[in-house]
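Side-chain atoms are counted along with the backbone in the values below, which use heavy atoms only and exclude waters and symmetry mates.
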Amino acid sequence: MSTSEQSDDPALTTSVACAPVAPVDRVEDPAPGSVAPTAHVGRGGRVVGAVLAVLAVATIAVNLRPGATGVGPLMGPIVAAYGQGPAASGLLTALPCLAFGALGLLAVPISRRLGLTGSIVAAFVLSGVALLLRPGTEVFWLFVALSVLALMGPALGNVLVPAWIKLHGGRRTVGLMTLYSVVLAIGGSAGASLAVPLAGGAADGWRGSLLFWGVVMALPIVVWAVVLTRTGHDFPPAPPRAGRAGASRASLLRSPTAIALTFMFALQSLNAYTQFGMLPQILADAGISPARAGLLVGVISGWGLVGGLVMPTVIARAPGLRFVVASFGALTTIGYLGLLLAPTVSPLLWACVLGIGSFAFPTAIALLPARTRSPQITARLSGATQPVGYLLAAIGPILAGVLLDATGSAAVVLWFLAGTGVLLAIAGFRAGLPRIVDDELAG
């Protein structure tokens with residue numbers, strides 16, 4: 001699609017690319033003469049069939065998190081190999097949040113030029129090359145730079161894959177979104193769980209472990225290259241009747257619900273990526289073996305699979321969720337206090353408590369469309385909440401690394417994280433109120 005064919009209103013052009021896809025109960029019948037929405041016909045005139053769509057979504061979703069979650073369990077040997085300390089651990093832990101926030105802002109402009117599919121292919125080629133080169137570098141700052149490049153694919157994929165599903169899924173959209181959520185959680189869990197086993201016992205085994213995910217990324221690149229031959233340039237057109245939708249131009253700062261959702265997203269991301277990057281090291285310091293520590297972080301990530309399946313339905317059926325959403329912050333605090341005060345009693349129990357607390361992530365995503373009425377407001381809310389939330393979340397791992405570097409105490413970090421759980425409960429309580437952002441902006 002040429003630039004001239006697209007809407008000049010950025011709120012409209014991002015309404016498909018940025019807005020989360022909420023579950024729907026039914027799909028409207030196609031208009032007379034249109035293509036039945038069992039699959040989308042791309043610009044190349046060919047249909048993305050069901051099997052190819054499932055392969056595309058599954059292979060891309062499983063690769064969106066391991067490049068980030070696979071670093072944490074190996075953080076000790078990685079920073080030691082480069083002669084770095086806890087501050088470097090904090091920086092590496094914060095990189096996914098920084099990349100998802102900053103690079104995610106580029107997703108829509110890039111996809112306007114390359115299309116959704118073309119952007120995903122290009123971004124994952126860059127990520128795959130970076131993942132293959134990263135383990136071999138001997139300079140820490142080059143390792144950091146390649147880590148940022150390795151996150152380009154996941155950063156754009158966070159925004160564009162749901163949009164791709166919405167555009168090409170047709171009647172299978174809900175099924176493909178469920179597949180996406182489940183496999184995304186599996187990939188995140190696998191990255192953490194397999195990191196130490198893949199490294200083996202060698203001192204530099206971490207290099208082979210990180211290299212593994214660069215090899216695996218070749219699969220989605222091949223699959224999506226085939227998809228590209230069918231879709232061509234597939235940036236979505238403006239939604240029908242978008243010109244009359246009248247999206248509000250009022251600042252989102254006028255909406256307490258929008259502010260609460262942004263802080264909720266930021267705090268849950270802060271905890272998630274601090275867990276990925278630093279919790280394995282903290283558990284190891286408490287006497288838990290590195291392999292088991294990585295497995296426990298994988299358990300926390302694995303609970304995201306359950307949350308992704310359960311929470312969209314809960315939110316769709318229950319308008320008032322303030323105590324439910326607040327409980328995720330409370331459980332997060334309880335999990336950290338358990339690790340702090342009784343780390344060896346049952347680490348698996350505390351991992352499960354933290355895992356249920358991580359339901360805050362699918363809840364925050366599902367609340368974006370649930371707390372808005374018009375697609376334009378949904379797009380604005382999503383486009384602000386996720387990038388700003390990720391950027392704010394990056395402060396947490398950096399601060400945790402500084403605290404660990406300054407005090408040498410993992411307990412201080414756990415107290416800090418327990419405090420963020422309290423803030424998450426407060427933000428979740430406000431976000432769970434049955435309020436509509438559109439009404440707050442109009443009021």
Under 3.5 Å donor-acceptor pairs involving side-chain atoms of residues 147-163, not counting sequence neighbours:
from, atom 1, to, atom 2, distance (Å)
S147, OG, R134, NH1, 3.1
S147, OG, F143, O, 2.8
N158, OD1, R65, NH1, 3.1
N158, OD1, R65, NH2, 3.2
N158, ND2, P154, O, 3.3

Residue set satisfying side-chain hydrogen bond (donor to acceptor under 3.5 Å, both in side chains) with R207, at least two apart, ordered chain then number -> none
* Under the 3.5 angstrom rule, does the side chain of S209 hit a backbone N or O of A195 as a donor-acceptor pair? -> yes
Could you go through T117 and W164, starting from their C-alpha distance and side-chain angles, then the distance that decides it, and tell me whether this counts as side chain to side chain donor-acceptor pair (under 3.5 Å)?
CA-CA 7 Å; T117 305; W164 187 93; 2.9 Å; yes
Distance-only, no hydrogens or angles: does the S189 side chain make a donor-acceptor pair with backbone N or O of G298 under 3.5 Å? yes
Note to self: Determine whether a donor-acceptor pair (N or O, by modelled atom type, separation under 3.5 Å) exists between the side chain of S269 and the backbone of A266.
What the structure shows: no
For residues 330-342, run the donor-acceptor check on the side chains, cut-off 3.5 Å, and write out each pair with its distance to 0.1 Å, sequence neighbours left out.
from, atom 1, to, atom 2, distance (Å)
T332, OG1, F328, O, 2.8
T333, OG1, G329, O, 3.4
T333, OG1, A418, O, 2.8
T333, OG1, V422, N, 3.2
Y336, OH, N271, OD1, 2.8
Y336, OH, Q275, NE2, 2.9

For residues 407-431, the salt bridge (Lys or Arg N to Asp or Glu O under 4.0 Å) pairs (sequence neighbours left out) are R430-E440
Donor-acceptor pair, R172 side chain versus I165 backbone, under 3.5 Å? no
Quiz: residues 397-407 side-chain donor-acceptor pairs under 3.5 angstrom, not counting sequence neighbours:
from, atom 1, to, atom 2, distance (Å)
T407, OG1, L403, O, 2.7
T407, OG1, S409, N, 3.2

Anything under 3.5 Å between a donor and an acceptor, one on a side chain of residues 77-96, the other on a protein residue two or more places apart or in another chain? List them.
from, atom 1, to, atom 2, distance (Å)
Y82, OH, T137, O, 2.7
Q84, NE2, Y82, O, 3.3
T93, OG1, S89, O, 2.7

Taking the side chain as every heavy atom from C-beta outward, state whether M217 and S127 have any atom pair closer than 4.5 Å.
yes
Worked verdict on H168 versus V227 for side chain to side chain contact (heavy atoms under 4.5 Å, CB included):
CA-CA 11 Å; H168 295 287; V227 174; over 6 Å; no
Donor-acceptor under 3.5 Å (T420 side chain, L417 main chain) = yes
The side-chain contact (heavy atoms from CB on, under 4.5 Å) partner of F265 among T385, L367, V388 is T385
